[in-house]
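Scroll down for the structure; my scribbles are underneath it.
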Amino acid sequence: MKQVDYIIVGAGYAGVFFAHQLIKEKKSFKIFYDENISASQISAGVCNPVILKRFNTFWKSQEQIDYLDVIFKEIETYTSKNYLIDENVVRIFHNDSEKVQWTKNSQKEDLKSYLNPDFIKLESVENSFGAGKVNQSCRIDVSSFFTDILNYLEDNNYLIKEKFDYQLIDTANNSYKNFTFKNLIFCEGIASNTNPFFSNIPIQPNKGHCLKVKLNKVPDSYIIKKKHFLFNLQNDNYYYGGSYDRFDKTNNINDESVEELKSALKGIYKNDFEIQDINVAFRATVADRRPILGRHQKYQNFYIFNGLGARGVYNGSYFSKVLFDFIENNLNLESEIDVKRFY
Ligand SMILES: Cc1cc2nc3c(=O)[nH]c(=O)nc-3n(C[C@H](O)[C@H](O)[C@H](O)COP(=O)(O)OP(=O)(O)OC[C@H]3O[C@@H](n4cnc5c(N)ncnc54)[C@H](O)[C@@H]3O)c2cc1C
């Protein structure tokens, strides 16, 4: 038997950001990854402090923005790469009343550092009412981030590429196969609905499609948003997505969602484009739109870290430290995020 401080199940944003906290604090651990392409890996990686429907912000947005710089600098110390891309979100207005709303909200105390009051005109896409820029927004290089971090975890003997089997946990001895552990952290996204220890926690799958498209005319170098995000990946390849669907629970590509994305893209981009790739995965969402962290009712060293919703990067990075401090430093979990709210 090999003794480790932690076992983590799942290697999306929740799992790898928590793994980072363990690397930083020199804890021993293993992270299980079943090699399925996760929502995290197909995500746009956009970090945007503004809810772009109503031009509002959300709980702890500034703390999350500030922590993003800290955590990515820490990760850079061992992957030697900066994954933060300094590109702002610009929201195309649908009509004049949205511009009025933006201006009004840009004067509010909690929004004035985000909503840039000077409108911009984009060159490459339809934006007859102009667009507003979200200050402090950015995105991460999702593909390099997961490639590098998974390689790092594998090279340093942390990563176990296999499906974690709940039936093999020996709860009496805190062991799993040939490991004994102090703490077990479940970060499985929507697969937590099949986890016998946390299956009663109401995680709702929300299916998202996104496209990789080749554009024949280069758009402005922003994260352009009307209904979905459009931004450059590499050369003439662009990301476009993602869709939201609460009802379709199948894993396959849904033609209707792809059509919805194509027609929305055609609505703003009047040149030809070619679809190179279609990806699909499920966001793990919660009705109260707050992540879920905390301790199992009975097994005091079993924890959940889930419900990151549409904000995997902000929630995953910021709350990985909150969870670590709760477990190791006895800091309180705020009731808004504590899994206890479902007990
Ligand atoms: C199309 C799309 C676009 C998005 N865009 C953005 C965006 O721009 N910005 C943003 O912040 N967020 C975005 N999101 C949301 C973000 O992707 C999610 O919040 C995030 O992926 C949740 O991370 P997670 O680690 O909780 O779950 P997941 O990403 O689902 O990861 C769970 C992992 O656990 C593994 N796993 C599950 N069960 C087991 C088991 N038994 N054994 C081993 N491994 C297991 C899975 O294979 C997976 O790797 C987007 C999502 C989608 C679908």
Side-chain angles (χ1 to χ4, degrees), residues 7-19 30-49 52 58 61 64-65 68 85 87 89 137-142 145-146 149-150 153 159-169 176 184-199 203 205-212 223 225 228-231 239-245 251 253 257-258 261 277-286 289 291-293 304-320 323:
I7 285 182
I8 303 174
V9 182
Y13 286 126
V16 300
F17 282 126
F18 193 78
K30 297 288 170 191
I31 177 166
F32 283 78
Y33 169 44
D34 60 10
E35 298 194 80
N36 285 332
I37 297 295
S38 62
S40 303
Q41 281 163 288
I42 72 150
S43 72
V46 174
C47 308
N48 165 36
L52 292 168
F58 45 85
S61 55
Q64 295 194 344
I65 293 172
L68 206 61
I85 298 173
E87 220 168 69
V89 170
S137 56
C138 67
R139 66 184 178 89
I140 67 161
D141 180 345
V142 176
F145 175 66
F146 277 101
I149 201 112
L150 290 173
L153 291 168
L159 187 67
I160 299 184
K161 286 186 177 169
E162 60 181 57
K163 190 176 165 73
F164 184 90
D165 183 350
Y166 307 111
Q167 307 308 324
L168 301 181
I169 304 173
Y176 177 81
L184 178 51
I185 316 289
F186 293 109
C187 306
E188 321 101 315
I190 63 152
S192 82
N193 288 333
T194 61
N195 176 338
F197 299 96
F198 286 103
S199 57
I203 297 283
N206 189 306
K207 189 169 180 176
H209 288 72
C210 57
L211 308 176
K212 191 162 137 194
I223 304 164
K225 158 93 178 175
H228 312 99
F229 292 119
L230 173 69
F231 58 84
Y239 186 102
Y240 190 70
S243 61
Y244 287 82
D245 185 343
N251 286 320
I253 290 170
S257 298
V258 176
L261 288 173
D277 210 358
I278 304 170
N279 283 306
V280 64
F282 289 90
R283 304 169 185 87
T285 68
V286 192
R289 293 168 192 269
I292 300 176
L293 284 71
I304 184 169
F305 184 20
N306 210 314
L308 306 189
R311 289 197 288 271
V313 185
Y314 276 150
N315 281 334
S317 53
Y318 184 80
F319 291 105
S320 65
L323 181 61

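Index from 1, following the sequence. Order of listing sets the numbers, starting from 1, for every ligand and every atom in it.
Between F197 and F186, the angle of the ring planes stays under 30°, which puts this pair in the parallel group of the 30/60° scheme.
Using a 4.5 Å cut-off on side-chain heavy atoms (C-beta onward), I304 and N195 make no contact.
Proximity to A14 (heavy-atom distance under 4.0 Å) selects the following atoms of ligand 1: 25 (O), 26 (O). Counting the atoms of ligand 1 from 1 in the order shown, those under 4.0 Å from a heavy atom of G12 are 25 (O), 29 (O), 31 (O), 33 (C). Atom numbering of ligand 1 starts at 1 in the shown order; those under 4.0 Å from a heavy atom of N36 are 47 (O), 49 (O).
Looking from atom 5 (N) of ligand 1 to the surrounding protein, the closest heavy atom is A44 N, 3.1 Å. With hydrogens left out, the protein atom closest to atom 13 (C) of ligand 1 is A310 O, 3.5 Å, a heavy atom. In this structure, the protein non-hydrogen atom closest to atom 34 (O) of ligand 1 is G10 CA, 3.1 Å. For atom 20 (C) of ligand 1, the nearest non-hydrogen atom of the protein is S40 OG, 3.5 Å. Counting protein heavy atoms only, atom 41 (N) of ligand 1 is closest to F164 O, 3.1 Å. Atom 47 (O) of ligand 1 has as its closest protein heavy atom D34 OD1, 2.5 Å. Taking atom 19 (O) of ligand 1 as the reference point, the nearest protein heavy-atom neighbour is G309 O, 2.6 Å. Ranking the protein heavy atoms by distance from atom 8 (O) of ligand 1 puts V46 N, 2.8 Å first.
Taking the six-membered ring for Trp, F17 and F145 have ring centres closer than 6.0 Å. Y13 has its ring centre less than 6.0 Å from the ring centre of F146.
The distance criterion of under 3.5 Å between nitrogen or oxygen atoms is met by G312 with respect to ligand 1. Considering backbone and side-chain atoms together, E35 places no N or O closer than 3.5 Å to any N or O of ligand 1. Considering both main-chain and side-chain atoms, C210 never comes within under 3.5 Å of ligand 1 through any nitrogen or oxygen pair.
Using a non-hydrogen distance threshold of 4.0 Å, A284 does not register as a contact of ligand 1. Distances shorter than 4.0 angstrom occur between a heavy atom of G45 and an atom of ligand 1.
For the residue pair I7 and Y176, the shortest heavy atom distance occurs at CD1-CB, 4.1 Å.
Closest to atom 3 (C) of ligand 1 by heavy atom, among Y239, F231, F18, is Y239. Nearest to atom 2 (C) of ligand 1 by heavy atom, out of H209, R311, E162, R283, is R283. Nearest to atom 49 (O) of ligand 1 by heavy atom, out of Y33, F229, Y244, is Y33.
At a heavy-atom distance under 4.0 Å, only side-chain atoms of A191, from C-beta outward, approach ligand 1. The proximity of C187 to ligand 1, defined as any non-hydrogen pair under 4.0 Å, is limited to the backbone. Only the side chain of V9 comes within 4.0 Å of ligand 1, judged by heavy-atom distances.
For the residue pair Q64 and S61, no side-chain donor N or O sits within less than 3.5 Å of a side-chain acceptor on the partner.
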